[in-house]
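Following: one structure in structure tokens, then a few remarks.
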Amino acid sequence: MKHHTKFFFAFFLSVCFCFIYGQLPIIPYPAEIEMSEGHFLLGKETILVAEQEEVLSMADERAKQWETKLGFRLKIGTKLSEMPNSSVVLVINKTINEGIGSEGYQLIINPERAELSANTTAGILYGLETIGQLLDADKEKRLPCGVIIDYPRFSYRGMHLDVSRHFMPIEFIYKVIDFLVMHKMNIFHWHLVDDQGWRLEINKYPKLTGVGAWRVPMPEKHWDDRPLTTDRTHATYGGFYTQDDVKQVVAYAEARNITIIPEIEMPAHVMSALAAYPEFSCTGENLGVPPGGVWPITHIYCAGKEETFEFLENVLTEVMELFPSTYIHIGGDEADKTNWKSCPTCQERMKVEGLENEEELQSYFIHRIERFLNAHGRRIIGWDEILEGGLAPNATVMSWRGEAGGIEAAGMGHQVVMTPGSHCYFDHYQGDPSLEPVAHGGYTTLKKVYLYEPVRAELTTEEGELVLGAQANVWSEFISTPQHAEYMIFPRLSALSEVLWSPKATRDWEDFSERMEIQYKRYADADLNYSLSAFQVKASPRLDPENRRLLVELDSEVFQPEIRFTTDGSAPDIHSTLYRSPVSIAGTARLKAAVFKDEKASGQVMSAHYEIHKAFASQIQIQHPNSPRYNGGGQYGLVDGISGTISFADGKWKGFSGDDLIAVIDLGESMTINTIGLDALQSIASWIFLPLWVSFEVSANGQNFRLLETVQTPYDSESNGKYIQDYGTSEAATDVRYLRITAKNFGVCPPGHSGEGKPAWLFVSEIVVR
Ligand code: ACM
Ligand code: ZN
């Protein structure tokens, strides 16, 4: 990558050793760099010169901000004509370089001065950010000489924050905006409305926040196990933003090139609104503000009543007064239309409008809101469900259920923002779930985010241009504090910022991971509660059946990691074996590993259990195939020596939806066995239930099986937690070549469960034969 850059910089490095890093320590990486010899030293005499009013306040702010970095406050000058020798000049100059667009900047650094120019204040802001990053990477506070011409690849560089599931104080919103600027991001998508809380003061409908912003706290219960309640006496958890809060934060963001897009969900995810105004639902019932997860979401706005639209138009009128953003996000996701099917008013609407089905009714709903917003000069953006039943003519689609919605919308000529769960959901795990705070699921590491490409290869050039950019989504079901939100956002935002800002051709994971070293330092200096999950060791075991062993590769997402490990269960320290090549495991081992830096373990310790038992890598037949989504370990997954962890999505479990496990194993020769074991996972909130029973049978010929034992599940219906249950035989058996293990699926989810009547999952990971 960047060969001319590398060349110039290598030369530059050999001359002055400015940076310990092999390239400019900037994230996101600039578009074009040409470095030359020498440097510009900032001293007490250096003047930050800004003639134009709009730039002056930025200069002031930076001089203050850099004071701790530099040890002195830069002087401010206002006359370009009276420039002293040592100066940093900021100019808005529309003739400098059209190629840098409305957010780019040009930075020319000579030994005596640095000149930052841009077409707009946004460009100056980003150029100042770059200067700050150059300064904090050099102990002597020098800027390297050369030219940086920088501009973003995408115009939409966003982050979303859900403040409904858990309310976040306004101070945190300001902090988020500051850090978006640091990453040269320009959109903050504020998810202000959802079932569990309405967060925006609306003058015309005071109960939206008077009632809808408050719910009964049930922190002791899992999010998905919290019952509905209309109890208002104990509805003490929540909060909302006043219109004054919003006006101030919008202005603060605007001055920092950040557009705040408010999301006012409809027609679903609005139980908070319906708790306040039940008359806008189909049934008129008051179900309260849900204290936790609701699924499926059937209690939604009635699409038949005119009053619903009048209400929404009044709400949106106030929203437009508060938010100057062209885009208003209207949600549109996950509406279950059950109530619409049985609502006479909704059915009447469908008849009158000639709508074939409830999808078309949703489409009618969204079109109508779009017409209203368009008439006021605004545009709608919505989750990809707004494609169903026909897309509103001027809508922009936010593709979250994978990328299919975005691809479809671009094919229809609509603009899209990519935010697929796989790469952009920052509520997903970023490391080994057994080492992480409880998250929504998934597995989206720093590297995975970095490797995201928003413009899919199957798009034509014209369609590709409709991809405005991408966005991180921070859903807060499992994130109850700003500190935890910071942990989920950083450092993954660094990776996404580079995906969105830097030219595709210059993106390079190794290079980025090296630059992350200084980015972590910046985070630490800023007192952010960032995650060090990228320092975790990741183990990738590979079967070596001929040698009856596993070969375990160890890696991490840190630049050139120093990994040390043990296999006896002890904690690795600086004297433990340094990892150089795959670790051979031929018996039973508890492998522990960590990344070391400065002689200390710098991340959490990875721990995995392996056992090379008698059925290891044996032939195995499974009668009902497991779900391809949960195919832990592939063909040998149940006999690969690797057991699953408490996370059902760790890639080690095989999942069966509604089906039993019936596995027949050929041990290859006749033998005496002492025990057979099977593990199973329970995770009721994820519809995963222990089997009703497990039977263990053996055979000498593969035809006639003899039952050794049937183990009933010690099922405790009160225990809704997550745990792993081991099943096993207790008596030895001789002359055994074949085994048949049956685990009886729980059947269907029980009454009262969110999946009531739907197939239960059975999850198993390893059959251990000793
Ligand atoms: C979403 O994640 N429901 C848009
Ligand atoms: Zn209705």
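Numbering of ligands and ligand atoms starts at 1, following listing order. Counting begins at 1 with the first residue of the sequence.
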Given the Zn ion (ligand 2) as the apex, I'd like the angle to SG of C302 and SG of C346, rounded to 10 degrees. 110°
Can you tell which part of M398 has a heavy atom less than 4.0 Å from ligand 1: side chain, backbone, both or neither? neither
The single option from H269, H329, E263 that satisfies side chain to side chain contact (heavy atoms under 4.5 Å, CB included) with H191 is E263
Please state whether the rings of F240 and W214 are parallel, tilted or perpendicular, taking 30° and 60° as the class boundaries. perpendicular
Looking only at protein heavy atoms, identify the closest one to atom 2 (O) of ligand 1 and say how far it is in Å. Y425 OH, 2.6 Å
Decide whether a cation-pi geometry holds between R507 and Y450; the criteria are a distance under 6.0 Å from NZ or CZ to the six-membered ring centre and an angle within 45° of the ring axis. yes
One finds that the ligand 1 atoms under 4.0 Å from a non-hydrogen atom of W475 are 1 (C), 2 (O), 4 (C)
Measure the distance from atom 3 (N) of ligand 1 to every protein heavy atom, then report the residue, atom name and distance (to 0.1 Å) of the closest one. D333 OD2, 2.7 Å
Identified side-chain hydrogen bond (donor to acceptor under 3.5 Å, both in side chains) counterpart of E358 within the set Q347, K337, K341: Q347
With rounding to 10 degrees, what does the angle C343:SG / the Zn ion (ligand 2) / C282:SG come to? 110°
Within 45° cone and under 6.0 Å: R199 NZ/CZ vs F167 ring: no
Which of the numbered atoms in ligand 1 are under 4.0 angstrom from any heavy atom belonging to E334? 3 (N)
Give a yes/no verdict on a cation-pi contact between R256 and Y252, requiring under 6.0 Å between NZ or CZ and the six-membered ring centre and an angle within 45° of the axis. yes
